[in-house]
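First comes the structure, then the notes that go with it.
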Amino acid sequence: MYLHIGNDTVVKTSEIVAILDAKLLDSSLLLKEFISENDVIHLADHPPAKSIVITNNHIYLSSLGSAALKRKSSIVRV
């Protein structure tokens with residue numbers, strides 16, 4: 001199954017490791033360090049990213065919220 005994460009990008013749901021709220025970047029130094037040390041694909045130019053989608057191979061900053069992505073992923077599995 002695939003999940004649309006914004007800006008015409010889809011990822012395999014089996015490759016998703018985590019979907020995090022982008023607000024965590026304001027409070028977590030470890031997350032900031034992890035993001036800065038890896039290649040990040042920015043899907044959200046304007047408005048700023050609402051979620052961080054971590055897959056086996058890539059990290060995406062998405063304009064879609066983590067709750068919306070969770071809801072969409074549960075719809076996909078039905």
Side-chain angles (χ1 to χ4, degrees):
M1 300 286 177
Y2 292 89
L3 177 65
H4 177 258
I5 59 171
N7 202 20
D8 295 333
T9 302
V10 293
V11 295
K12 280 186 172 182
T13 54
S14 62
E15 294 182 358
I16 295 174
V17 175
I19 298 175
L20 305 172
D21 192 322
K23 290 179 184 176
L24 290 174
L25 287 171
D26 296 334
S27 60
S28 173
L29 293 176
L30 288 174
L31 184 58
K32 280 184 187 176
E33 185 177 321
F34 175 73
I35 294 293
S36 67
E37 291 176 352
N38 290 285
D39 290 331
V40 177
I41 299 171
H42 295 265
L43 301 177
D45 293 331
H46 188 76
K50 292 182 179 177
S51 64
I52 304 163
V53 179
I54 301 170
T55 68
N56 294 336
N57 301 317
H58 301 288
I59 300 171
Y60 300 91
L61 295 180
S62 173
S63 61
L64 302 176
S66 56
L69 292 174
K70 180 181 184 311
R71 185 176 52 248
K72 289 170 66 173
S73 67
S74 65
I75 290 171
V76 169
R77 290 185 182 153
V78 172

Roughly how far apart are [X] [atom1] and [Y] [atom2], rounded to 0.5 Å?
| X | Y | atom1 | atom2 | result |
| --- | --- | --- | --- | --- |
| Ser73 | Tyr2 | OG | OH | 16.0 Å |
| Leu64 | His4 | CG | NE2 | 7.0 Å |
| Lys72 | Ile5 | NZ | CD1 | 9.0 Å |
| Asp26 | Asp21 | CG | CG | 9.5 Å |
| Leu61 | Lys50 | CG | NZ | 14.0 Å |
| Phe34 | Leu20 | CZ | CG | 9.0 Å |

Legend entry - Residues, nucleotides or ligands: over 12 heavy atoms within 6.0 Å of Asp39 CG: no

Just by modelled atom types, is the [Y] backbone N or O under 3.5 Å from a matching donor or acceptor in the [X] side chain?
| X | Y | answer |
| --- | --- | --- |
| Thr13 | Met1 | yes |
| Ser62 | Gly6 | no |
| Ser36 | Lys32 | yes |

Inset, instruction - Locate the shortest heavy-atom distance separating Ile52 from Ile59; write the atom from each residue and the value. - result: CG2-CG2, 3.9 Å

Legend entry - Over all atoms of both residues, closest heavy-atom pair of Leu69 and Ser51: CD1-OG, 3.3 Å

Are [Y] and [X] co-members of a hydrophobic cluster defined by side-chain heavy atoms under 4.5 Å apart?
| X | Y | answer |
| --- | --- | --- |
| Ile35 | Val53 | no |
| Val11 | Val40 | no |
| Leu24 | Val17 | yes |

Legend entry - Sole candidate of Val10, Thr9, Ile19 that passes side chain to side chain contact (heavy atoms under 4.5 Å, CB included) when paired with Leu3: Ile19

